[in-house]
Amino acid sequence: MWKKEKNLRYFKKISKSLNICGIFINVIGKGKIMVKKIAVLTSGGDAPGMNACVRAVIRACIAHGIEPYVVYDGYKGLCENNIKKVDKKFTQDIINRGGTIILTSRLPEFANVEYQKRAIQNLKDNDIDALIGIGGDGTYKGLLALSKLGYPVIGIPGTIDNDVASTDKTIGFDTALNTICDCVDKIKDTSSSHQRCSIIEVMGRHCGDLAIFAGIAEAAELTITYDHQLNEQVIFDKLKTMHDKEKSHAIVIVSENLMDVNEFAKRVSEHTGFEAKAEILGRLQRGGTPSAEDRILASRFGAAAVELLANDISGRVVGMKKNTIVDLPIEQALNMERDIHKPLIHLIDLLA
């Protein structure tokens with residue numbers, strides 16, 4: 001113990017003359033590892049605002065004196081060593097661009113530990129000290145695997161589905177919701193002209209948030225999600241009553257993966273008096289210029305992720321709860337149950 005204290009005093013004395021005392025105390029006195037290089041990747045489905053988040057990570061790194069790197073093509077690019085050092089110029093005019101300029105992919109093979117070890121080796125070969133991943137639960141699982149192998153990582157929630165339980169909102173959700181509303185507004189025009197019932201399928205995977213929020217925002221006659229499922233006969237009866245009362249049109253918003261909306265539209269036509277048409281909005285919900293809300297959220301998440309790593313904190317994900325940035329362990333985030341928006345579901349029924 002005496003020898004250790006003597007050595008520490010010796011290093012402090014030398015470092016003071018070199019004006020780098022803080023670094024020596026940080027490394028030797030507290031046992032921290034100085035993060036000098038951080039890489040960022042986007043993985044899984046793209047979401048508007050991912051570029052804003054990449055920008056924030058890069059610029060926050062530079063502000064902390066950390067060298068920023070990007071990984072092209074998600075975990076696939078990580079395993080193929082598709083890694084590039086970037087600077088502030090790389091971030092010019094990307095905050096308003098949709099998609100992800102560093103590309104994305106899905107790599108089921110990344111569940112294999114050999115792929116994970118290859119990814120870590122590629123990062124180490126580039127002398128990169130930590131990795132930030134932007135994506136949904138699949139991205140988080142990949143980061144958790146790397147973390148369990150001892151590599152420092154931070155996760156950021158980026159998915160239009162809003163299906164990450166550890167945050168109130170994910171990057172891309174607000175933009176996708178606005179895109180849906182814009183599309184439904186246009187569909188309403190032609191639906192009213194032809195006195196039709198439009199069955200509109202929105203994305204969300206197994207989460208009904210896009211449908212619930214869009215249903216309220218668009219005053220849909222019916223909203224059908226995993227958390228708000230309706231008996232088919234109840235649906236037919238309600239639509240038939242509307243038709244018989246000479247309502248000019250009807251909008252029904254449905255979460256994807258619940259039903260075949262084309263077949264459902266045929267049954268609506270047979271039982272309600274309305275001519276029903278199915279509209280599947282599809283991947284256009286992922287595209288477009290990110291909203292101001294998504295740009296700000298992405299910027300806050302990116303800066304927070306770098307701040308954690310700069311303070312030698314890893315193995316966590318960032319999120320937002322009650323408009324406050326929070327962070328928690330990846331494994332805990334993955335095991336959390338998604339909140340069901342009961343007040344909003346009640347509102348749907350109340351205003352129907």
Side-chain angles (χ1 to χ4, degrees), residues 45 48 159-163 172-288 291 338-352:
T159 165
I160 68 166
D161 300 327
N162 207 43
D163 61 349
F173 174 72
D174 184 70
T175 305
L177 177 60
N178 285 319
T179 298
I180 291 169
C181 289
D182 184 56
C183 291
V184 175
D185 285 343
K186 290 177 170 62
I187 291 170
K188 275 184 178 180
D189 291 342
T190 187
S191 184
S192 179
S193 296
H194 291 271
Q195 302 175 71
R196 287 175 179 155
C197 173
S198 293
I199 316 293
I200 304 169
E201 180 185 278
V202 301
M203 294 179 80
R205 205 167 56 162
H206 297 292
C207 173
D209 284 15
L210 281 173
I212 290 170
F213 281 71
I216 294 170
E218 287 299 319
E221 277 66 38
L222 289 166
T223 303
I224 308 169
T225 77
Y226 288 92
D227 302 321
H228 188 248
Q229 297 191 40
L230 301 173
N231 179 278
E232 196 167 86
Q233 191 57 52
V234 171
I235 296 170
F236 294 158
D237 290 345
K238 183 167 185 176
L239 290 173
K240 188 176 188 310
T241 299
M242 292 177 189
H243 179 268
D244 292 347
K245 290 184 178 180
E246 298 184 348
K247 183 170 175 56
S248 64
H249 72 282
I251 297 293
V252 180
I253 294 180
V254 182
S255 288
E256 66 178 341
N257 298 318
L258 268 179
M259 63 177 72
D260 183 327
V261 289
N262 287 297
E263 290 299 318
F264 180 64
K266 291 178 183 177
R267 294 197 295 276
V268 169
S269 296
E270 292 170 1
H271 293 90
T272 68
F274 274 117
E275 177 194 13
K277 296 287 185 181
E279 308 285 351
I280 301 174
L281 300 188
R283 288 176 177 79
L284 66 83
Q285 295 162 86
R286 284 189 183 166
S291 66
R338 183 177 59 82
D339 290 336
I340 297 174
H341 300 286
K342 291 182 179 179
L344 295 184
I345 292 172
H346 173 69
L347 187 62
I348 286 172
D349 292 331
L350 181 69
L351 303 181

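What you see below is based on every heavy atom in this structure, not just the backbone, and it leaves out hydrogens, waters and symmetry mates.
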Novice: Could you report the tightest heavy-atom contact between Cys207 and Asn162, atom names first, then the distance?
Specialist: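 Closest approach of Cys207 to Asn162: SG-O, 3.8 Å.
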Novice: Which residue in the set Lys245, Lys238, His243 passes side-chain contact (heavy atoms from CB on, under 4.5 Å) when paired with Thr241?
Specialist: Lys245
Novice: I need the Ile345 CD1 to Ile212 CD1 distance, nearest 0.5 Å.
Specialist: 4.5 Å
Novice: Would you find a donor on one side and an acceptor on the other, under 3.5 Å apart, between the side chain of Glu256 and the backbone of Arg205?
Specialist: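 Yes, Glu256 side chain to Arg205 backbone: donor-acceptor pair under 3.5 Å.
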Novice: Please give me the minimum heavy-atom distance between Lys277 and Ala265, naming the atom from each residue.
Specialist: C-CB, 4.2 Å
Novice: Mind checking whether Lys186 and Thr190 have side chains closer than 4.5 Å, heavy atoms only?
Specialist: no
Novice: Would you sort out whether Phe173 and Asp161 count as a side-chain contact (heavy atoms from CB on, under 4.5 Å), showing the intermediate values?
Specialist: CA-CA 6 Å; Phe173 174 72; Asp161 300 327; over 6 Å; no
Novice: Quick check: do Ile235 and Ile224 have side-chain heavy atoms less than 4.5 Å from each other?
Specialist: yes
Novice: Output yes when a side-chain donor or acceptor of Gln195 lies under 3.5 Å from a complementary backbone atom of Ser192, and no otherwise.
Specialist: no
Novice: How long is the span from the NE2 atom in His194 to the CG atom in Asp189, to the nearest 0.5 Å?
Specialist: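 Here the interatomic distance stands at 11.0 Å.
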Novice: Which pair of heavy atoms, one from Arg267 and one from Glu232, lies closest together, and at what distance?
Specialist: NH2-OE2, 2.9 Å
Novice: Nearest heavy-atom pair of Cys181 and Ala217: which atoms, and what distance?
Specialist: SG-CB, 3.7 Å
Novice: Please round to the nearest 0.5 Å and tell me the distance separating atom CD of Glu201 and atom OG of Ser255.
Specialist: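 Between atom CD of Glu201 and atom OG of Ser255 there are 8.5 Å.
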Novice: Distance from Leu239 atom CG to Asp244 atom CG, nearest 0.5 Å?
Specialist: 11.0 Å
Novice: Closer than 4.0 angstrom, basic N to acidic O: yes or no for Asp227 and Arg338?
Specialist: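 Salt bridge flag = yes for Arg338 with Asp227.
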Novice: One thing to verify: whether Glu263 and Lys266 come together as a salt bridge, which I'm taking to mean a side-chain N less than 4.0 angstrom from a carboxylate O.
Specialist: yes
Novice: Does some side-chain heavy atom of Cys183 sit less than 4.5 Å from a side-chain heavy atom of Leu284?
Specialist: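 Side chain of Leu284 against side chain of Cys183, heavy atoms only: contact under 4.5 Å found.
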Novice: To the nearest 0.5 Å, how far apart are CZ in Phe236 and CG in Asn231?
Specialist: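 Here the rounded value is 9.0 Å.
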Novice: Which pair of non-hydrogen atoms, one from Arg196 and one from Phe274, has the smallest distance, and what is that distance?
Specialist: C-CD2, 4.0 Å
Novice: Looking only at side chains, do Ser291 and Asp174 share a donor and an acceptor under 3.5 Å apart?
Specialist: yes
Novice: The test is side-chain contact (heavy atoms from CB on, under 4.5 Å); show your working for Leu281 and Ile187 and say whether it passes.
Specialist: CA-CA 11 Å; Leu281 300 188; Ile187 291 170; 4.2 Å; yes
Novice: If I take atom NE2 from residue His249 and atom NZ from residue Lys188, how far apart are they, to the nearest 0.5 angstrom?
Specialist: 6.0 Å
Novice: Within a strict 4.5 Å, meaning less than it, do heavy atoms of the Ile200 and Ile180 side chains meet?
Specialist: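 They are not in contact (no side-chain heavy atoms under 4.5 Å apart), so the answer is no.
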Novice: Step through the shown structure and confirm whether more than 12 heavy atoms of other residues, nucleotides or ligands are within 6.0 Å of CD on Gln233.
Specialist: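 Yes, because the 6.0 Å sphere around CD of Gln233 holds more than 12 heavy atoms from other groups.
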Novice: What verdict does the side-chain contact (heavy atoms from CB on, under 4.5 Å) test give for Asn257 and His206, after you've listed the backbone C-alpha separation in whole Å, the side-chain angles of each residue and the deciding distance to 0.1 Å?
Specialist: CA-CA 7 Å; Asn257 298 318; His206 297 292; 4.2 Å; yes
Novice: Show the nearest heavy-atom pair for residues Leu210 and Leu177, with the distance to one decimal.
Specialist: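 Scanning both residues completely, I find the closest heavy atoms to be CD2-N, 3.9 Å.
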Novice: Does a side-chain heavy-atom distance below 4.5 Å link His228 with Ile348?
Specialist: yes
Novice: Could you go through Thr175 and Ile160, starting from their C-alpha distance and side-chain angles, then the distance that decides it, and tell me whether this counts as side-chain contact (heavy atoms from CB on, under 4.5 Å)?
Specialist: CA-CA 8 Å; Thr175 305; Ile160 68 166; over 6 Å; no
